[in-house]
Protein chains: 2
Amino acid sequence: MTDRPEGHSIGGTPPATIRRRKRPDMIADQIRERIVIEGLKPGDRVPAAWVSPEKLGISRGTCREALKLLEFQGLITSKTGPGGGVFVSSVSERDAIHLLDNLFLSRPPSIADIYALRKALEPELAAGLAGQLSADEMARLQASIRLYEAEPTSAEEEYAQRIAELDFHAELANCSRNKLLGFVCNFLLSLLKDKTECRAIYLEPTPWWMRDTGINYQVRLLRALMAGDGERARKIMHEHMSEAEKFMLERAVLAAAKPKA
Amino acid sequence: MTDRPEGHSIGGTPPATIRRRKRPDMIADQIRERIVIEGLKPGDRVPAAWVSPEKLGISRGTCREALKLLEFQGLITSKTGPGGGVFVSSVSERDAIHLLDNLFLSRPPSIADIYALRKALEPELAAGLAGQLSADEMARLQASIRLYEAEPTSAEEEYAQRIAELDFHAELANCSRNKLLGFVCNFLLSLLKDKTECRAIYLEPTPWWMRDTGINYQVRLLRALMAGDGERARKIMHEHMSEAEKFMLERAVLAAAKPKA
DNA sequence: AGATATTTGTTCGTATGTATT
DNA sequence: TAATACATACGAACAAATATC
């Protein structure tokens, strides 16, 4: 009988505390909570006392498991050696989106699902950008448009242009002063890019009317943004999204109808 | 097979066999590979032989580590008891949201940022739910409202009611046929719940007019949903979000002005 | 440069709790 | 209720990494 003085009952709370959740999970949450409350920033050292098995009244293995969980979540990293220990780390937006992509891999949202969100968010994004763009940002956006201004001469070029078009929207998202909004928009773009269904559509030639109106939208959008007219920008983007959705849905049924072509 | 030729530390041989990768990682990959190749679907039972330490030639603890890893990744869950064991699961939405919370921990979005998204998405969510709710879902939503129908008599109760109010929106999100939309809405709610700023606001008493209009909105919303009137639901939710945002922003400046109270 | 000390990481065997039959 | 099968937790010993002297 390894007589642990108090064993694994943390604060003493004996009264019928039903312990459904696993211990490492609880410990991890506890540590995370402390980090949040104390306001530790990426790069900061997590005090050894917070993660010491003795202080926590748990075994090394359990503690390690908790830390591993936090590490997997990208919240901390640990370094070996003297002066080493546990440090707060920051998750990059790209990594987070990658993990989310994996999440939706098993039950991928439909094109309609994705566009329901894009129709709601991208106009908001556009409106928020009106009169806010720096000269540098504006230049990058205009350069982005130029990439697909020319008539495509090959299927590869066509595909590259379609991707560049998505990148235009990604640029917009990155410019957003509302980082949360920018993140979600980028996530939606990533979903679109990854969908094999969409890839197939992008590989087919785009009809002239879609290309034309597409570029038309972007130019009008930039003009509205430069003029600081948020409402016009919102309206333009909403129309653009509606058109794009209609186009994608039509192509999707076409592609489904003739999978051989 | 049963006992590995050499313990877990070979007397020497550092040069030839470089074992960079850790054993649990390798085992985990091995098991995942098998699951993918065999085409096991979520809910399927993972054959005990695949995860038995003896068959794998490893110790119980090491095997557990491997399983833990797969559990972190959301690929499996394990149930106790006879007939229990390891089962294939799909990544839980909760874990994914946890991940995102960590992303924004270091640069938390403002209340205005969050509500910019909520104002755009929650009305969409509501509209999509019109006439789609099952009797069971409707019952749960109504039960959720009842939790904060009564006048709160203490600060704790008040706080609990505020959280329950958020849970109502979480229920809505979970009902959504557009899982992507539901996911993002849940994520926004999680951000709100985590914000220390918001926690402080929630702890303060809610003025009667806010509570009243709050419940009013929910009841009207449910009525519109039951009637299958998507446009009315959208409008109601939009108003609700605008009101809630205004309220939160006002309380935020108040809380900032008198941090002592 | 090299030995040492410090800290994290890995793996084992064993004990204990818990849910199902 | 008892038995059983399984997950969970613990502690010890070993290994690797790294800063300091």
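All values below were derived from every heavy atom in this structure, side-chain atoms included, with hydrogens, water molecules and symmetry-related copies excluded. Each chain gets a letter, A, B and so on, in the order the sequences are listed, and its residues count up from 1.
When each of A:E71 and B:G61 is assigned the nucleotide of DNA chain C with its nearest heavy atom, A:E71 is the one assigned upstream, toward the 5' end. Comparing B:K68 and A:G83 against DNA chain D, the residue whose closest nucleotide sits nearer the 5' end is B:K68. Comparing B:V86 and A:T80 along DNA chain D, the residue whose closest nucleotide (by nearest heavy atom) sits nearer the 5' end is B:V86.
With contacts defined as side-chain heavy-atom distances shorter than 4.5 Å, the pair B:E71/A:K22 qualifies. Counting heavy atoms from C-beta outward, B:L133 and B:C175 have side chains that approach closer than 4.5 Å.
If you take CD of A:E65 and P of D:dG11, they are 15 Å apart, rounded to a whole angstrom. Between A:L56 atom CG and D:dG11 atom P the separation is 13 Å, expressed in whole Å. One can place CZ of B:F87 at 16 Å from P of D:dA5, the figure rounded to the nearest angstrom. Distance A:K22 NZ to D:dA9 P: 8 Å, rounded to the nearest Å. In this structure, the CG atom of A:L70 is 12 Å from the P atom of C:dG9, given to the nearest Å. A straight line from CH2 of B:W50 to C1' of D:dC6 spans 20 Å, rounded to a whole angstrom. Summarising the geometry, the separation between CG on B:L67 and C1' on D:dA9 is reported as 16 Å, rounded to the nearest angstrom. One atom, CG of A:D25, and another, P of D:dT8, lie 9 Å apart when rounded to the nearest Å.
OP1 or OP2 of C:dG9 has not a single side-chain nitrogen or oxygen of A:R60 nearer than 4.0 Å. Of the side-chain N and O atoms in B:R64, none sit less than 4.0 angstrom from OP1 or OP2 of D:dA7. A sub-4.0 Å separation between OP1 or OP2 of C:dT7 and a side-chain N or O of A:S78 is absent.
Ionic pairing of B:R118 and B:E122 is present here: one or more N-O contacts between side-chain nitrogen and carboxylate oxygen are shorter than 4.0 angstrom. B:D167 and B:K193 are joined by a salt bridge, as a carboxylate oxygen and a charged side-chain nitrogen come within less than 4.0 angstrom of each other.
The number of heavy atoms from other shown groups lying within 6.0 Å of NZ (B:K179) is above 12.
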